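Structure first, then comments.
Predicted model, so just to flag it, every value in this text is computed and none were measured.
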Amino acid sequence: MASIWEYANPVKFVRTADRILPWLSGLSLTALVVGLVWGFFFTPDDYRQGATVKIIYLHVPAALMAINAWLMMLVTSLIWIVRRHHVSALAARAAAPVGALFTVIALVTGAIWGQPMWGTWWAWDPRLTSFLILFLFYLGYMALWGAIENDDTAADLTSILCLVGSVFAILSRYAVNFWNQGLHQGASVMRAGALAGDTAERVSNVYAVPLFICMAGFALLFLALVLLRTQTEIRARRMRALLMRERMA
């Protein structure tokens with residue numbers, strides 16, 4: 001059985017990604033089409049929120065992946081710090097714009113959902129505030145990569161930034177558990193008892209099934225985009241190395 005560390009070899013990683021990407025792309029597209037069409041057109045309006053509730057099929061998966069993208073960056077950054085595998089650092093760099101995009105989707109759809117429900121587009125709620133700070137960390141992470149010419153130095157500094165930003169990724173996920181005040185409701189999908197008969201703030205199955213399909217679609221889309229962008233980063237790094245070698249020659 002091949003060790004996972006074999007994929008730290010850039011050539012092996014690129015070849016493996018080439019084989020996986022078509023399948024991931026197809027599965028993500030299928031899951032997103034099925035989940036979104038089912039959710040938006042074949043589920044009833046909520047008795048309190050009306051048709052507004054259907055924004056859940058964009059908001060919840062995007063918010064979940066925005067947090068998980070940063071946690072994935074944390075893991076790959078730790079691998080870089082400990083084992084100095086360049087693919088892991090490039091994977092973290094590749095994931096940042098994707099995670100930032102998911103964060104924007106979550107913030108925008110949350111505002112659209114919140115306005116009719118809360119009567120305001122924005123509130124300095126603990127979860128909303130920590131999520132906004134997480135987005136700023138995404139921007140800072142990408143800016144730091146772009147500001148430093150030496151890739152190894154950039155990987156070192158962005159890894160440290162990633163460790164600090166992980167605090168806000170965790171706060172974004174569990175803020176409503178840490179603080180009781182705030183407009184944002186508690187967890188109703190990804191929580192203990194949500195699928196085991198506990199009906200307190202639980203998402204009804206008529207909404208939950210297409211929601212889980214959308215969540216799977218967003219997760220597969222994230223993996224596909226990160227693999228594609230990591231390939232691009234590896235090839236760009238190789239091209240820079242070749243150009244530098246030619247200049248020196």
Side-chain angles (χ1 to χ4, degrees), residues 27-71 98-135 138 168-222 225:
L27 287 172
S28 66
L29 180 62
T30 301
L32 287 172
V33 170
V34 171
L36 292 174
V37 171
W38 184 352
F40 279 107
F41 299 104
F42 296 99
T43 58
D45 293 348
D46 182 66
Y47 74 100
R48 286 190 301 179
Q49 303 183 53
T52 311
V53 72
K54 297 185 181 183
I55 205 167
I56 193 175
Y57 300 111
L58 290 173
H59 177 71
V60 171
L64 183 66
M65 291 314 303
I67 298 168
N68 287 339
W70 192 275
L71 296 180
V98 184
L101 175 62
F102 283 136
T103 309
V104 170
I105 294 172
L107 288 170
V108 172
T109 54
I112 295 172
W113 195 0
Q115 204 285 326
M117 294 299 103
W118 302 337
T120 180
W121 296 97
W122 178 262
W124 293 103
D125 174 277
R127 174 169 282 190
L128 273 64
T129 303
S130 59
F131 221 82
L132 176 61
I133 295 173
L134 177 63
F135 174 63
Y138 270 118
F168 291 95
I170 295 171
L171 286 178
S172 299
R173 174 65 182 86
Y174 296 105
V176 290
N177 297 332
F178 296 152
W179 296 284
N180 292 326
Q181 71 270 24
L183 296 174
H184 202 288
Q185 71 177 62
S188 55
V189 179
M190 304 301 292
R191 69 181 182 88
L195 298 178
D198 180 5
T199 58
E201 292 189 345
R202 196 192 80 174
V203 175
S204 171
N205 287 337
V206 71
Y207 302 109
V209 175
L211 176 58
F212 284 129
I213 295 174
C214 287
M215 290 164 65
F218 269 72
L220 291 169
L221 177 62
F222 171 74
L225 290 174

Fill in: Derivation of the side chain to side chain contact (heavy atoms under 4.5 Å, CB included) call for Y57 and I213
CA-CA 9 Å; Y57 300 111; I213 295 174; over 6 Å; no
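The backbone N or O of P44 lies less than 3.5 Å from a partner atom in the side chain of Y207, making a donor-acceptor pair. Remark: the backbone N or O of W70 is paired with a side-chain donor or acceptor of Y138 at under 3.5 angstrom.
The CE atom of M65 lies 8.5 Å from the CG atom of L221; values are rounded to the nearest 0.5 Å. One distance of note links CG of L225 with CG of L220; it measures 11.0 Å at 0.5 Å rounding. For the atom pair CG (L128) and CG (L107), the distance works out to 7.5 Å, reported to the nearest 0.5 Å. For the atom pair CG (L58) and CG (L211), the distance works out to 10.5 Å, reported to the nearest 0.5 Å.
A 4.5 Å side-chain heavy-atom check between F218 and L64 finds every atom pair outside the cut-off.
G99 and A69 make their closest contact through CA-CB, 3.7 Å (heavy atoms, listed as atom of the first residue, atom of the second, distance). The shortest non-hydrogen separation linking I105 to A62 is CG2-CB, 3.6 Å. Counting all heavy atoms, side chain and backbone alike, T43 lies closest to K54 at O-NZ, 2.8 Å. Between F42 and V37 the shortest heavy-atom distance is CD1-O, 3.5 Å. Residue W38 comes nearest to V209 through the heavy atom pair CH2-CG1, 3.3 Å, listed as atom of the first residue, atom of the second, then distance.
A tilted orientation is assigned to the rings of F222 and F102, their planes being inclined by 30° to 60°.
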